[in-house]
2 protein chains.
Amino acid sequence: MTRVSLTWPGRARRRPAPASLSSYSEEAPVSLVRGDGAAVLGALASLGAQATLVYVDPPFFTGRVHRTNARSRRESGEREAFSDQWSDLGEYLEHVEALLVAAREVLAPEGSLVLHTDPRVGHYLRVLGDEVFGDGAFVSEIVWRYRRWPAKTRNFQRVHDLLLRFVRDPSATPRFHQRHEPLAASTAKTWGEGRQRALIVDGRRTRSTTTDEPSPGAPLGDVWEISIVAPSGHERTGFPTQKPLALLERLVDTLTDPGDLVVDPTMGSGTSLLAAWRLGRRAVGVDLGDVAHELTARRLERAGVPFTRVEST
Amino acid sequence: MTRVSLTWPGRARRRPAPASLSSYSEEAPVSLVRGDGAAVLGALASLGAQATLVYVDPPFFTGRVHRTNARSRRESGEREAFSDQWSDLGEYLEHVEALLVAAREVLAPEGSLVLHTDPRVGHYLRVLGDEVFGDGAFVSEIVWRYRRWPAKTRNFQRVHDLLLRFVRDPSATPRFHQRHEPLAASTAKTWGEGRQRALIVDGRRTRSTTTDEPSPGAPLGDVWEISIVAPSGHERTGFPTQKPLALLERLVDTLTDPGDLVVDPTMGSGTSLLAAWRLGRRAVGVDLGDVAHELTARRLERAGVPFTRVEST
DNA sequence: GCAGTTAATGAATCGCATG
DNA sequence: CCATGCGATTCATTAACTG
């Protein structure tokens with residue numbers, strides 16, 4: 001296959017200065033690391049950590065500074081949560097590329113990277129991911145479809161995000177738990193709740209029948225309807241780009257086993273850590289920001305999740 | 001903005017040999033042209049045609065030869081409809097790029113290109129489209145979510161296609177008719193069917209109320225649930241990658257006015273032409289294949305659509 | 001006519017046989 | 001050993017048939 005890749009003037013493949021971690025323990029159920037995402041992933045990899053899921057939720061190249069919202073403002077005023085300003089698209093892509101390269105190093109062969117992005121910049125990240133992970137590693141584009149207050153625009157309302165899944169080793173059997181969703185209304189009407197089976201006569205398929213065995217439903221697809229975190233919802237932490245727990249729980253549930261390691265170098269308010277802990281997985285979250293660490297710590301304490309702080313230097 | 005672009009070894013920007021059209025009339029409601037898509041788009045542009053919608057449904061880089069299916073097999077046996085085999089991804093991208101370049105030439109300033117693709121190769125086409133149409137021209141990624149039989153795979157079922165929309169001129173007001181979809185169940189439950197209105201006190205939003213005015217529903221989003229053409233459906237033509245009429249009607253309805261011109265350089269069995277005609281738009285379809293022309297002609301005749309054949313040389 | 005039941009069949013994958 | 005091809009699987013959808 002001919003290599004197709006992205007170029008831009010002055011494209012650099014920078015490696016972050018490697019970090020070193022004090023007091024990281026493989027066994028800790030939940031660890032919070034303050035530091036640069038890519039550098040800390042590299043440090044985890046060199047300590048021999050093997051993640052089954054790395055969830056990366058970088059900025060979406062919006063050109064904005066994102067600030068805390070109402071829930072957090074009440075407690076400590078409006079503050080900058082993270083900046084999403086870049087000199088150009090190339091600089092942004094170099095930032096994400098460093099995360100992808102480091103994420104790949106920490107992944108177990110049967111593990112997956114899930115890169116959360118949006119349809120304005122996600123296509124560039126797919127191409128970047130193909131470069132980093134190689135042919136055949138891109139296995140799913142998950143569409144997260146949500147509902148929100150409509151914007152006044154002469155265009156279709158943007159009501160979805162993209163989650164790009166790459167596997168570490170396309171030749172390995174990936175971790176995957178088959179889950180099901182309800183049958184389509186038309187199917188239930190025609191076929192009832194029984195599993196369908198084709199009737200083969202003389203080696204030729206003639207027609208289908210229903211069986212007595214109940215159908216588990218349709219195998220889970222790649223378009224997921226999940227509610228956003230409501231502005232006044234109990235789940236809301238105040239972090240501006242918070243993702244729903246239900247979304248992260250579905251990823252963790254389908255892509256990891258209990259006891260596996262989940263790593264998030266873009267911790268934010270720690271949704272992935274909470275999802276992992278609730279499902280009995282170990283988790284490491286990495287973030288540079290004060291707001292992220294404060295909100296995550298408060299959230300985990302309230303949820304009764306024991307966690308360890310790890311310093312990186 | 002730094003230019004980010006795709007490269008591959010030996011990337012060529014080939015222009016198809018320009019075609020010339022005999023007997024094309026601007027006023028014909030529906031025209032069928034036999035010829036190369038890009039070359040004929042160029043010929044239309046040099047005749048001064050101005051399309052409001054160009055719908056492009058190229059092969060999806062599957063590596064397969066696509067053959068007619070049951071409906072057509074009964075009438076004339078199984079035949080090759082089109083080949084989707086390429087020496088490499090670069091060759092494929094050069095083919096699609098030629099279509100995009102020519103499509104842009106035939107578009108009116110307020111017109112849109114809609115590129116139908118899938119999540120395996122669509123990301124590359126987005127980047128290619130940005131190169132051809134320029135910054136700010138990519139305005140929507142529409143997700144067509146469908147339901148189909150399950151495949152046995154350790155992965156999420158692939159149940160969506162992508163439709164990438166680019167506008168010809170980002171500074172022009174695009175053709176766009178706002179349509180609505182039913183309110184979400186949870187919205188209807190909380191707010192009923194009345195239009196919501198935010199209550200602003202001292203310039204600050206306090207809460208929302210419902211009004212007596214009935215809500216038209218939620219403005220149409222970019223995730224569309226539309227059934228595939230059923231294997232035994234009346235709509236089925238026998239063309240292997242046939243798209244549902246409902247999908248094309250939604251595009252034509254929202255993105256064009258009655259009387260506007262819709263052009264499809266990847267005609268197949270003519271779904272876009274039929275959609276355009278049913279909604280009172282003019283249409284030109286272009287295809288090289290015998291099967292495409294036979295099936296389209298038969299389909300339009302059965303639907304009572306008057307059409308003109310145009311030769312290209 | 002209408003509702004309820006039965007029929008027909010697509011095409012994504014994996015697994016296994018074949019060359 | 002690798003490429004190719006065919007069989008098995010099974011929801012989703014509309015058409016056709018039946019009472």
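Quick note: numbers below take in every heavy atom, side chains included, and nothing from hydrogens, waters or symmetry partners.
In this structure, of D:dT10, D:dT13, D:dA15, it is D:dT10 that holds the atom nearest to the side chain of A:Arg197.
Comparing B:Gln242 and A:Lys189 by the nucleotide of DNA chain C that holds the closest heavy atom to each, the one mapping nearer the 5' end is A:Lys189. Looking at which nucleotide of DNA chain D each of A:Pro182 and B:Lys152 is closest to, the 5′-most match is held by B:Lys152. Map B:His234 and A:Gly194 each onto its nearest nucleotide of DNA chain D; the residue landing nearer the 5' end is A:Gly194.
A:Ala218 comes within 4.0 angstrom of the backbone, heavy atoms only, and of no base. Contact annotation for A:Ser186: base contact, defined as any heavy-atom pair under 4.0 Å involving a base atom. In this structure, B:Arg148 reaches the bases: a heavy-atom distance under 4.0 Å links it to at least one base atom across the strands shown. Within the 4.0 angstrom heavy-atom criterion, no nucleotide atom of any strand lies near A:Pro219. Among the atoms of the strands shown, only primed sugar atoms or phosphate atoms (P, OP1, OP2) are found under 4.0 Å from some heavy atom of A:Ser215. Among the heavy atoms of the strands lying under 4.0 Å from B:Arg64 are primed sugar atoms or P, OP1, OP2 only; no base atom is included.
With no hydrogens or angles considered, a side-chain donor-acceptor pair links B:Trp86 and B:Asp84 at under 3.5 Å.
Rounded to whole Å, atom P of D:dC11 lies 11 Å from atom CD of A:Glu193. Protein atom CZ of B:Arg236 is 16 Å distant from nucleotide atom P of D:dA12, rounded to whole Å. We find that CD of A:Gln196 is positioned 11 Å from P of D:dT13, with the value rounded to whole Å. The separation between B:Arg147 atom CZ and D:dA12 atom P is 7 Å, rounded to whole Å. Summarising the geometry, the separation between CG on B:Leu247 and P on D:dT13 is reported as 14 Å, rounded to the nearest angstrom. For the pair B:Trp149 CH2 and D:dC11 P, the interatomic distance rounds to 13 Å; values are reported in whole Å. The distance between atom CD of B:Glu235 and atom P of D:dA12, rounded to the nearest whole Å, is 19 Å. Between B:Gln157 atom CD and D:dC11 atom P the separation is 10 Å, expressed in whole Å.
In B:Arg309, the CZ atom is not crowded: 12 or fewer heavy atoms of neighbouring residues, nucleotides or ligands sit closer than 6.0 Å.
For A:Arg195, a side-chain nitrogen or oxygen approaches OP1 or OP2 of D:dT10 to under 4.0 Å. Contact annotation: A:Thr187 side-chain N/O to D:dC11 OP1/OP2 distance is not under 4.0 Å. Distances shorter than 4.0 Å separate some side-chain N or O of B:Ser227 from OP1 or OP2 on D:dT13.
The backbone N or O of A:Asp118 lies less than 3.5 Å from no partner atom in the side chain of A:Asp161, so there is not a single donor-acceptor pair.
Look at A:Arg158 and B:Glu141 and you find no salt bridge, because none of the NZ, NE, NH1 or NH2 atoms lies under 4.0 Å from a carboxylate O.
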Pairing pattern in dot-bracket form [Watson-Crick, G-U; both distances under 3.5 Å; | = partner strand] for DNA chain C
.|||||||||.||||||||

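Residues A:Ser140 and A:Leu163 have side chains not in contact (no heavy-atom distance under 4.5 Å, counting atoms from C-beta outward).
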Only distances under 3.5 Å count here; give the side-chain donor-acceptor pairs of residues 189-197 of chain A to other protein atoms, sequence neighbours excluded, each with its distance to 0.1 Å.
from: A:Thr190; atom 1: OG1; to: A:Ser186; atom 2: O; distance (Å): 2.9
from: A:Arg195; atom 1: NE; to: A:Glu213; atom 2: OE2; distance (Å): 3.3

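Ring geometry, B:Phe61 versus B:Tyr92: the interplanar angle falls from 30° to 60°, so the pair is classed tilted.
Remark: A:Arg120 fails to qualify as a cation-pi partner of A:Phe60 under the 6.0 Å distance and 45° angle criteria applied to the six-membered ring.
Nucleotides of DNA chain C that come within less than 4.0 Å of any heavy atom of chain B span, from the 5' end to the 3' end, C:dA8 to C:dC14.
For B:Arg236, the side chain to side chain donor-acceptor pair (under 3.5 Å) criterion is met by no residue, not counting sequence neighbours. The salt bridge (charged side-chain N to carboxylate O under 4.0 Å, His left out) test applied to A:Arg148 returns no partner, not counting sequence neighbours.
Evaluation of the side chain to side chain donor-acceptor pair (under 3.5 Å) test over residues 244-258 of chain A, restricted to residues two or more places apart or in two chains, returns A:Arg175-A:Asp257, A:His177-A:Asp257, A:Arg179-A:Asp253, A:Glu249-A:Arg278, A:Thr256-A:Arg281.
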